[in-house]
Amino acid sequence: MIAPAVGYIIEGSGSEPAQVYDCNVPNLLDDVFDLSDNDSVYYRDNFLNCAHHNFLSLPSASPNSPIGISIVLDKDSKNYLALVRTQAGNERVKIPVDSIKASWWRRIFRTGPSPYDILKALGNNYGGLKLITDPRISQALMNLEEKQTIKGFKFGILYAQEGQNKEDEMFSNVQTSPEFEEFLDFIGDRVPLEGWTHFRAGLDVRTGTTGSHSIYQRWNNNEVMYHVSCMLPFNEKDKQQLERKRHIGNDIVVIVFQDGDTIYRPTTISSRQVHVVLLVKAVKLESDPNQRYYKMAVVSKDNVPQFGPPMPANGLFKKDQAFKDFFYAKLLNAEKASYTAPILGVKLSRTRVALLKDVSEAFVK
(Lines give C-alpha, C1' and ligand atoms only; values in the text may rest on other atoms or scores of the structure.)
Protein backbone atom coordinates (compact mmCIF):
# COMPACT_ATOMS: atom_id res chain seq x y z
CA MET A 1 0.00 0.00 0.00
CA ILE A 2 2.80 2.42 0.92
CA ALA A 3 6.30 2.68 -0.56
CA PRO A 4 9.20 3.02 1.93
CA ALA A 5 10.77 6.47 2.20
CA VAL A 6 13.54 8.04 4.26
CA GLY A 7 12.18 10.09 7.14
CA TYR A 8 8.91 8.18 7.50
CA ILE A 9 7.58 5.30 9.60
CA ILE A 10 5.02 2.93 8.06
CA GLU A 11 2.51 0.74 9.87
CA GLY A 12 0.11 -1.83 8.45
CA SER A 13 1.62 -2.12 5.00
CA GLY A 14 3.28 -5.53 4.65
CA SER A 15 3.81 -8.36 2.21
CA GLU A 16 2.09 -10.92 4.43
CA PRO A 17 -1.20 -12.43 3.25
CA ALA A 18 -4.09 -10.19 4.23
CA GLN A 19 -6.09 -11.44 7.20
CA VAL A 20 -9.24 -10.20 8.89
CA TYR A 21 -8.29 -8.35 12.06
CA ASP A 22 -10.33 -8.36 15.25
CA CYS A 23 -10.70 -4.71 16.26
CA ASN A 24 -12.02 -5.47 19.73
CA VAL A 25 -8.79 -4.31 21.33
CA PRO A 26 -8.59 -4.30 25.16
CA ASN A 27 -8.30 -0.83 26.73
CA LEU A 28 -8.76 0.81 23.33
CA LEU A 29 -9.77 4.15 24.81
CA ASP A 30 -6.92 4.41 27.30
CA ASP A 31 -5.18 7.79 26.82
CA VAL A 32 -7.40 8.71 23.85
CA PHE A 33 -8.52 12.34 23.82
CA ASP A 34 -11.71 13.02 25.75
CA LEU A 35 -12.52 16.72 25.55
CA SER A 36 -15.03 16.46 28.38
CA ASP A 37 -12.01 16.08 30.68
CA ASN A 38 -9.71 19.03 30.05
CA ASP A 39 -7.86 21.38 32.37
CA SER A 40 -10.33 24.19 31.77
CA VAL A 41 -13.16 22.04 33.14
CA TYR A 42 -10.87 20.65 35.87
CA TYR A 43 -9.93 24.13 37.12
CA ARG A 44 -13.51 25.41 36.95
CA ASP A 45 -14.95 22.42 38.83
CA ASN A 46 -12.28 22.06 41.50
CA PHE A 47 -10.68 25.48 42.02
CA LEU A 48 -12.51 28.49 40.62
CA ASN A 49 -15.24 29.00 43.20
CA CYS A 50 -13.40 27.33 46.07
CA ALA A 51 -10.83 28.69 48.51
CA HIS A 52 -7.47 27.82 46.99
CA HIS A 53 -3.88 29.03 46.62
CA ASN A 54 -2.27 30.31 43.42
CA PHE A 55 1.49 30.64 42.91
CA LEU A 56 3.27 32.34 40.03
CA SER A 57 6.85 33.01 39.03
CA LEU A 58 8.24 35.66 36.73
CA PRO A 59 9.88 34.43 33.50
CA SER A 60 13.27 35.54 34.88
CA ALA A 61 12.95 33.58 38.15
CA SER A 62 14.50 30.36 36.81
CA PRO A 63 15.25 28.57 33.52
CA ASN A 64 11.94 26.67 33.91
CA SER A 65 9.86 29.80 34.42
CA PRO A 66 7.21 30.98 33.98
CA ILE A 67 5.36 28.54 36.25
CA GLY A 68 1.83 28.71 37.63
CA ILE A 69 0.53 26.38 40.33
CA SER A 70 -2.95 26.18 41.84
CA ILE A 71 -3.58 24.14 45.01
CA VAL A 72 -6.91 23.28 46.64
CA LEU A 73 -8.09 20.94 49.40
CA ASP A 74 -10.43 18.33 47.94
CA LYS A 75 -14.03 17.93 49.09
CA ASP A 76 -13.16 15.02 51.36
CA SER A 77 -10.29 16.94 53.01
CA LYS A 78 -8.02 13.96 52.44
CA ASN A 79 -5.87 15.29 49.58
CA TYR A 80 -4.62 18.52 48.14
CA LEU A 81 -5.14 18.81 44.38
CA ALA A 82 -2.54 20.75 42.41
CA LEU A 83 -2.63 21.96 38.81
CA VAL A 84 0.97 22.63 37.78
CA ARG A 85 1.50 24.76 34.66
CA THR A 86 4.97 24.79 33.07
CA GLN A 87 6.53 25.31 29.67
CA ALA A 88 6.12 21.58 29.02
CA GLY A 89 2.38 21.58 29.74
CA ASN A 90 -0.05 21.03 32.59
CA GLU A 91 0.17 18.29 35.20
CA ARG A 92 -2.40 17.27 37.79
CA VAL A 93 -0.95 16.20 41.14
CA LYS A 94 -2.64 14.74 44.23
CA ILE A 95 -0.94 15.19 47.62
CA PRO A 96 -2.24 13.27 50.66
CA VAL A 97 -2.89 15.64 53.55
CA ASP A 98 -0.99 13.47 56.04
CA SER A 99 2.16 13.61 53.89
CA ILE A 100 2.58 17.37 54.32
CA LYS A 101 4.98 18.53 57.00
CA ALA A 102 4.00 21.80 58.64
CA SER A 103 6.56 24.03 60.35
CA TRP A 104 7.14 23.34 64.07
CA TRP A 105 5.26 26.36 65.33
CA ARG A 106 2.25 25.55 63.17
CA ARG A 107 2.22 22.08 64.63
CA ILE A 108 2.31 23.53 68.17
CA PHE A 109 -0.60 25.89 67.52
CA ARG A 110 -2.35 23.36 65.26
CA THR A 111 -2.90 25.89 62.50
CA GLY A 112 -2.22 23.40 59.73
CA PRO A 113 0.34 23.69 56.95
CA SER A 114 1.01 26.99 55.26
CA PRO A 115 0.52 27.40 51.50
CA TYR A 116 4.30 27.17 51.10
CA ASP A 117 4.37 23.92 53.13
CA ILE A 118 1.88 22.46 50.66
CA LEU A 119 3.89 23.79 47.72
CA LYS A 120 7.05 22.19 49.13
CA ALA A 121 5.23 18.83 49.33
CA LEU A 122 4.96 18.75 45.53
CA GLY A 123 8.56 17.51 45.62
CA ASN A 124 10.06 19.66 42.87
CA ASN A 125 12.21 22.71 43.35
CA TYR A 126 9.71 25.47 42.72
CA GLY A 127 11.88 28.26 44.06
CA GLY A 128 10.96 31.81 43.16
CA LEU A 129 7.21 31.26 43.21
CA LYS A 130 5.08 33.93 44.86
CA LEU A 131 1.75 33.37 46.57
CA ILE A 132 -0.77 35.57 44.77
CA THR A 133 -3.58 36.95 46.95
CA ASP A 134 -5.16 39.27 44.37
CA PRO A 135 -8.75 37.98 43.95
CA ARG A 136 -8.57 38.56 40.19
CA ILE A 137 -5.97 35.81 39.73
CA SER A 138 -8.51 32.98 39.70
CA GLN A 139 -10.37 34.36 36.70
CA ALA A 140 -7.10 35.19 34.94
CA LEU A 141 -6.00 31.55 35.28
CA MET A 142 -9.45 30.40 34.16
CA ASN A 143 -9.06 32.51 31.02
CA LEU A 144 -5.58 31.06 30.46
CA GLU A 145 -6.94 27.50 30.57
CA GLU A 146 -9.80 28.33 28.22
CA LYS A 147 -7.42 29.82 25.66
CA GLN A 148 -5.48 26.53 25.59
CA THR A 149 -8.52 24.27 25.49
CA ILE A 150 -9.00 22.20 22.35
CA LYS A 151 -12.54 22.82 21.13
CA GLY A 152 -12.61 20.01 18.56
CA PHE A 153 -10.56 18.16 15.97
CA LYS A 154 -10.16 18.75 12.25
CA PHE A 155 -8.89 16.12 9.84
CA GLY A 156 -8.39 16.21 6.08
CA ILE A 157 -9.81 13.64 3.68
CA LEU A 158 -8.25 13.40 0.23
CA TYR A 159 -9.79 11.21 -2.46
CA ALA A 160 -7.43 9.47 -4.94
CA GLN A 161 -8.71 7.78 -8.06
CA GLU A 162 -7.00 4.65 -9.31
CA GLY A 163 -3.60 5.47 -10.82
CA GLN A 164 -3.29 8.89 -9.20
CA ASN A 165 -0.01 9.45 -7.36
CA LYS A 166 0.40 13.25 -7.42
CA GLU A 167 -1.26 15.59 -4.94
CA ASP A 168 -2.43 17.99 -7.67
CA GLU A 169 -4.36 15.12 -9.27
CA MET A 170 -5.98 14.18 -5.96
CA PHE A 171 -6.87 17.75 -5.02
CA SER A 172 -8.45 18.24 -8.47
CA ASN A 173 -10.94 15.38 -8.21
CA VAL A 174 -14.57 16.42 -8.55
CA GLN A 175 -16.23 13.07 -9.21
CA THR A 176 -15.85 10.35 -6.62
CA SER A 177 -16.67 6.65 -6.36
CA PRO A 178 -19.52 4.86 -4.55
CA GLU A 179 -16.89 3.26 -2.28
CA PHE A 180 -15.61 6.66 -1.20
CA GLU A 181 -19.11 7.98 -0.52
CA GLU A 182 -19.88 4.84 1.48
CA PHE A 183 -16.76 5.41 3.57
CA LEU A 184 -17.76 9.01 4.30
CA ASP A 185 -21.18 7.88 5.48
CA PHE A 186 -19.51 5.25 7.66
CA ILE A 187 -17.19 7.61 9.55
CA GLY A 188 -19.63 10.47 10.06
CA ASP A 189 -22.78 12.37 9.22
CA ARG A 190 -23.27 14.72 6.29
CA VAL A 191 -24.17 18.06 7.82
CA PRO A 192 -25.19 21.38 6.19
CA LEU A 193 -22.67 24.10 6.90
CA GLU A 194 -25.07 27.03 6.67
CA GLY A 195 -26.10 27.93 10.19
CA TRP A 196 -23.97 25.16 11.73
CA THR A 197 -23.55 25.84 15.45
CA HIS A 198 -21.14 23.10 16.53
CA PHE A 199 -17.39 22.81 15.95
CA ARG A 200 -16.75 24.00 12.38
CA ALA A 201 -12.97 23.55 11.91
CA GLY A 202 -12.60 26.88 10.17
CA LEU A 203 -15.30 26.16 7.57
CA ASP A 204 -17.62 28.97 6.48
CA VAL A 205 -21.05 28.50 8.08
CA ARG A 206 -22.53 31.77 6.78
CA THR A 207 -21.82 32.47 3.13
CA GLY A 208 -20.96 29.05 1.66
CA THR A 209 -17.43 29.85 0.53
CA THR A 210 -16.18 26.44 1.75
CA GLY A 211 -19.01 24.37 0.30
CA SER A 212 -22.52 23.48 1.38
CA HIS A 213 -21.89 20.31 3.45
CA SER A 214 -19.18 18.44 5.29
CA ILE A 215 -18.69 15.31 7.41
CA TYR A 216 -19.05 15.59 11.19
CA GLN A 217 -18.89 13.05 14.02
CA ARG A 218 -19.12 13.05 17.81
CA TRP A 219 -16.95 10.28 19.29
CA ASN A 220 -15.75 9.69 22.85
CA ASN A 221 -16.93 13.19 23.89
CA ASN A 222 -14.98 14.74 21.00
CA GLU A 223 -16.26 16.78 18.09
CA VAL A 224 -14.65 15.92 14.74
CA MET A 225 -15.15 17.96 11.58
CA TYR A 226 -13.54 16.87 8.33
CA HIS A 227 -12.11 18.89 5.46
CA VAL A 228 -13.21 16.69 2.55
CA SER A 229 -11.41 17.55 -0.68
CA CYS A 230 -14.35 16.83 -3.00
CA MET A 231 -16.79 18.75 -0.80
CA LEU A 232 -14.64 21.89 -0.81
CA PRO A 233 -15.11 24.31 -3.76
CA PHE A 234 -13.32 23.42 -7.03
CA ASN A 235 -11.57 26.14 -9.07
CA GLU A 236 -11.19 25.23 -12.74
CA LYS A 237 -8.49 27.87 -13.20
CA ASP A 238 -6.29 26.65 -10.35
CA LYS A 239 -4.27 23.54 -11.16
CA GLN A 240 -3.05 23.23 -7.56
CA GLN A 241 -6.49 23.82 -5.99
CA LEU A 242 -4.94 26.05 -3.36
CA GLU A 243 -8.26 26.75 -1.66
CA ARG A 244 -8.72 23.05 -0.97
CA LYS A 245 -5.09 22.65 0.01
CA ARG A 246 -5.35 25.66 2.35
CA HIS A 247 -7.58 23.55 4.59
CA ILE A 248 -6.24 20.02 4.13
CA GLY A 249 -2.59 21.08 3.92
CA ASN A 250 -2.92 22.71 7.35
CA ASP A 251 -4.37 19.64 9.02
CA ILE A 252 -2.06 17.56 11.17
CA VAL A 253 -3.57 14.21 10.19
CA VAL A 254 -4.97 13.45 6.73
CA ILE A 255 -6.91 10.43 5.47
CA VAL A 256 -6.19 9.43 1.88
CA PHE A 257 -8.91 7.19 0.45
CA GLN A 258 -7.62 5.29 -2.58
CA ASP A 259 -9.44 3.47 -5.33
CA GLY A 260 -7.46 0.65 -6.91
CA ASP A 261 -4.03 -0.65 -5.99
CA THR A 262 -1.78 2.33 -6.65
CA ILE A 263 1.22 2.46 -4.32
CA TYR A 264 1.17 5.56 -2.15
CA ARG A 265 4.38 7.56 -1.67
CA PRO A 266 4.84 9.24 1.73
CA THR A 267 6.11 12.42 0.05
CA THR A 268 2.91 12.87 -1.98
CA ILE A 269 1.45 15.60 0.22
CA SER A 270 3.87 18.52 0.41
CA SER A 271 3.08 20.16 3.73
CA ARG A 272 5.11 20.91 6.84
CA GLN A 273 1.92 20.71 8.90
CA VAL A 274 0.74 17.23 7.84
CA HIS A 275 2.50 14.72 10.10
CA VAL A 276 0.44 11.55 9.70
CA VAL A 277 -1.47 10.02 6.79
CA LEU A 278 -3.98 7.20 7.15
CA LEU A 279 -4.33 5.36 3.86
CA VAL A 280 -7.68 3.57 3.41
CA LYS A 281 -8.96 1.28 0.64
CA ALA A 282 -12.30 -0.48 0.29
CA VAL A 283 -12.19 -4.20 -0.52
CA LYS A 284 -14.56 -7.14 -0.97
CA LEU A 285 -13.83 -10.76 -0.13
CA GLU A 286 -15.00 -13.64 -2.30
CA SER A 287 -15.65 -15.61 0.88
CA ASP A 288 -17.90 -12.84 2.24
CA PRO A 289 -19.24 -10.96 -0.80
CA ASN A 290 -22.01 -9.08 1.00
CA GLN A 291 -19.72 -7.54 3.61
CA ARG A 292 -17.56 -4.45 3.11
CA TYR A 293 -13.98 -4.60 4.35
CA TYR A 294 -11.24 -1.97 4.46
CA LYS A 295 -7.48 -2.06 4.31
CA MET A 296 -5.68 0.61 6.27
CA ALA A 297 -2.05 1.62 6.64
CA VAL A 298 -0.44 4.54 8.43
CA VAL A 299 2.59 6.63 7.49
CA SER A 300 4.08 9.15 9.94
CA LYS A 301 7.01 11.51 9.92
CA ASP A 302 9.79 9.84 11.87
CA ASN A 303 9.79 12.55 14.56
CA VAL A 304 6.25 11.61 15.58
CA PRO A 305 6.32 9.23 18.59
CA GLN A 306 4.71 5.82 18.19
CA PHE A 307 1.01 5.76 18.98
CA GLY A 308 -1.62 3.07 19.37
CA PRO A 309 -3.59 1.05 18.83
CA PRO A 310 -1.00 -1.21 17.14
CA MET A 311 -1.64 -1.98 13.49
CA PRO A 312 -1.65 -5.51 12.04
CA ALA A 313 0.93 -6.08 9.29
CA ASN A 314 -1.60 -6.44 6.48
CA GLY A 315 -5.02 -6.41 8.08
CA LEU A 316 -8.52 -6.48 6.69
CA PHE A 317 -11.00 -4.51 8.75
CA LYS A 318 -14.66 -5.44 8.74
CA LYS A 319 -16.94 -2.46 8.36
CA ASP A 320 -18.58 -2.41 11.80
CA GLN A 321 -18.64 -0.39 15.01
CA ALA A 322 -15.52 -2.11 16.34
CA PHE A 323 -13.49 -0.91 13.35
CA LYS A 324 -15.02 2.56 13.59
CA ASP A 325 -13.84 2.81 17.21
CA PHE A 326 -10.41 1.45 16.23
CA PHE A 327 -10.21 3.97 13.37
CA TYR A 328 -11.08 6.94 15.59
CA ALA A 329 -8.72 5.83 18.34
CA LYS A 330 -5.88 5.68 15.80
CA LEU A 331 -6.90 9.01 14.27
CA LEU A 332 -7.02 10.95 17.54
CA ASN A 333 -3.89 9.29 18.92
CA ALA A 334 -2.08 10.33 15.74
CA GLU A 335 -3.05 13.93 16.41
CA LYS A 336 -2.00 13.71 20.05
CA ALA A 337 1.38 12.14 19.22
CA SER A 338 2.04 14.80 16.57
CA TYR A 339 1.76 17.57 19.17
CA THR A 340 5.15 16.51 20.53
CA ALA A 341 6.90 16.53 17.14
CA PRO A 342 9.44 19.38 16.91
CA ILE A 343 7.51 21.75 14.60
CA LEU A 344 4.22 21.50 16.46
CA GLY A 345 5.77 21.10 19.91
CA VAL A 346 7.69 24.37 19.61
CA LYS A 347 4.56 26.24 18.49
CA LEU A 348 2.50 24.90 21.37
CA SER A 349 5.26 25.63 23.89
CA ARG A 350 5.64 29.23 22.68
CA THR A 351 1.91 29.81 23.02
CA ARG A 352 1.83 28.31 26.50
CA VAL A 353 4.85 30.35 27.66
CA ALA A 354 3.38 33.58 26.26
CA LEU A 355 0.09 33.04 28.10
CA LEU A 356 1.84 32.20 31.38
CA LYS A 357 4.17 35.16 30.97
CA ASP A 358 1.26 37.56 30.52
CA VAL A 359 -0.45 36.35 33.70
CA SER A 360 2.81 36.33 35.70
CA GLU A 361 3.77 39.86 34.70
CA ALA A 362 0.29 41.10 35.57
CA PHE A 363 0.26 39.69 39.11
CA VAL A 364 3.84 39.19 40.35
CA LYS A 365 5.14 42.47 41.73
Checklist entry - So if you build clusters from Ile, Leu, Val, Met, Phe, Trp, Tyr with side-chain heavy-atom gaps below 4.5 Å, do Ile157 and Leu193 land together? => result no
Checklist entry - Distance-only, no hydrogens or angles: does the Asn220 side chain make a donor-acceptor pair with backbone N or O of Asn222 under 3.5 Å? => result no
Item to check | Whether Ser13 side chain and Ala297 backbone form a donor-acceptor pair below 3.5 Å | outcome: no
Item to check | Residue among Lys239, Lys245, Arg244 satisfying salt bridge (charged side-chain N to carboxylate O under 4.0 Å, His left out) with Glu167 | outcome: Lys245
Checklist entry - Yes or no on ring pair (Phe, Tyr, Trp, His ring centres under 6.0 Å) for Tyr21 and Phe323, after CA distance, side-chain angles and deciding distance? => result CA-CA 9 Å; Tyr21 182 70; Phe323 172 55; 9.6 Å; no
Next on the checklist: Give me the atom names and distance for the closest heavy-atom approach of Pro4 to Ile10.
Outcome noted: CA-CD1, 3.8 Å
Checklist entry - Can the ring centroids of Phe317 and Tyr293 be said to lie less than 6.0 angstrom from one another? => result no
Next on the checklist: Determine whether a donor-acceptor pair (N or O, by modelled atom type, separation under 3.5 Å) exists between the side chain of Asn173 and the backbone of Gln175.
Outcome noted: no
Item to check | Under the salt bridge (Lys or Arg N to Asp or Glu O under 4.0 Å) test, residues paired with Glu181 that sit two or more places apart | outcome: Arg190
Checklist entry - What about the rings of Phe186 and Phe327, do their centers lie closer together than 6.0 Å? => result no
Checklist entry - Roughly how far, to the nearest 0.5 Å, is the CG atom of Asn90 from the OG1 atom of Thr86? => result 7.5 Å
Next on the checklist: Treating Asp117 as the side-chain partner and Ala121 as the backbone partner, does any N or O pair qualify as donor plus acceptor under 3.5 Å?
Outcome noted: no
Checklist entry - Do you know which two heavy atoms are closest between Gly68 and Leu56, and how far apart they sit? => result CA-CD2, 3.7 Å
Checklist entry - Would you say Asp204's side chain and Thr209's backbone share a donor-acceptor pair under 3.5 angstrom? => result yes
Checklist entry - Under a 4.5 Å cut-off applied to non-hydrogen side-chain atoms, are Leu331 and Leu278 in contact? => result yes
Next on the checklist: Measuring only between side-chain heavy atoms, which start at C-beta, is Asn250 closer than 4.5 Å to Ser271?
Outcome noted: no
Checklist entry - Backbone N or O of Val299 within a donor-acceptor pair of the Tyr264 side chain at under 3.5 Å? => result no
Checklist outcome for this item: Taking every heavy atom of Asp261 against every heavy atom of Glu162, the minimum-distance pair comes out as N-OE2, 4.4 Å
Next on the checklist: Using 30° and 60° as the class boundaries, would you call the ring planes of Tyr159 and Phe180 parallel, tilted or perpendicular?
Outcome noted: tilted
Next on the checklist: Donor-acceptor check, side chain of Ser214 to backbone of Tyr226, threshold 3.5 angstrom: yes or no?
Outcome noted: yes
Next on the checklist: If hydrophobic clusters are built by linking Ile, Leu, Val, Met, Phe, Trp and Tyr wherever their side-chain heavy atoms come under 4.5 Å apart, do Val274 and Phe307 end up in the same one?
Outcome noted: no
Item to check | In one Ile/Leu/Val/Met/Phe/Trp/Tyr side-chain cluster, 4.5 Å: Phe155, Leu158 | outcome: no
Checklist outcome for this item: Heavy-atom nearest pair, His275 first then Arg272, reads CE1-O, 3.3 Å
Next on the checklist: Under 4.0 Å between a side-chain nitrogen and a carboxylate oxygen: does that hold for Lys151 and Glu223?
Outcome noted: no
Next on the checklist: Whether Lys301 engages the ring of Tyr8 as a cation-pi pair (distance to the six-membered ring centre under 6.0 angstrom, angle to the ring normal within 45°) should be assessed.
Outcome noted: no
Checklist entry - Do His53 and Tyr80 have ring centroids that are under 6.0 Å from one another? => result no
Item to check | Heavy-atom side-chain contact between Ser40 and Met142 under 4.5 Å | outcome: yes
Checklist entry - So, do Phe183 and Tyr294 have ring centers that fall under 6.0 Å from each other? => result yes
Checklist entry - Got a second to check how far Tyr339's OH is from Ser349's OG, nearest 0.5 Å? => result 15.0 Å
Next on the checklist: Just verifying a value: how many Å separate Met1 CE and Lys295 NZ, rounded to the nearest 0.5 Å?
Outcome noted: 6.0 Å
Checklist entry - Which of parallel (below 30°), tilted (30 to 60°) and perpendicular (above 60°) describes His52 and Phe47? => result perpendicular
Checklist entry - What's the shortest heavy-atom distance between Phe199 and Met225, and which atoms? => result O-CE, 3.5 Å
Checklist entry - Out of curiosity, does Val32 fall in the hydrophobic cluster containing Val304 (side-chain heavy atoms, cut-off under 4.5 Å, transitive links)? => result yes
Item to check | Any donor-acceptor N/O pair, Asp259 side chain to Ala160 backbone, under 3.5 Å | outcome: no
Checklist entry - Can you tell me if Gln148 uses its side chain to pair, donor with acceptor, with the backbone of Glu145 under 3.5 Å? => result no
Checklist outcome for this item: Looking only at heavy atoms, the pair that brings Leu83 and Arg85 closest together is CD2-NH2, 3.5 Å
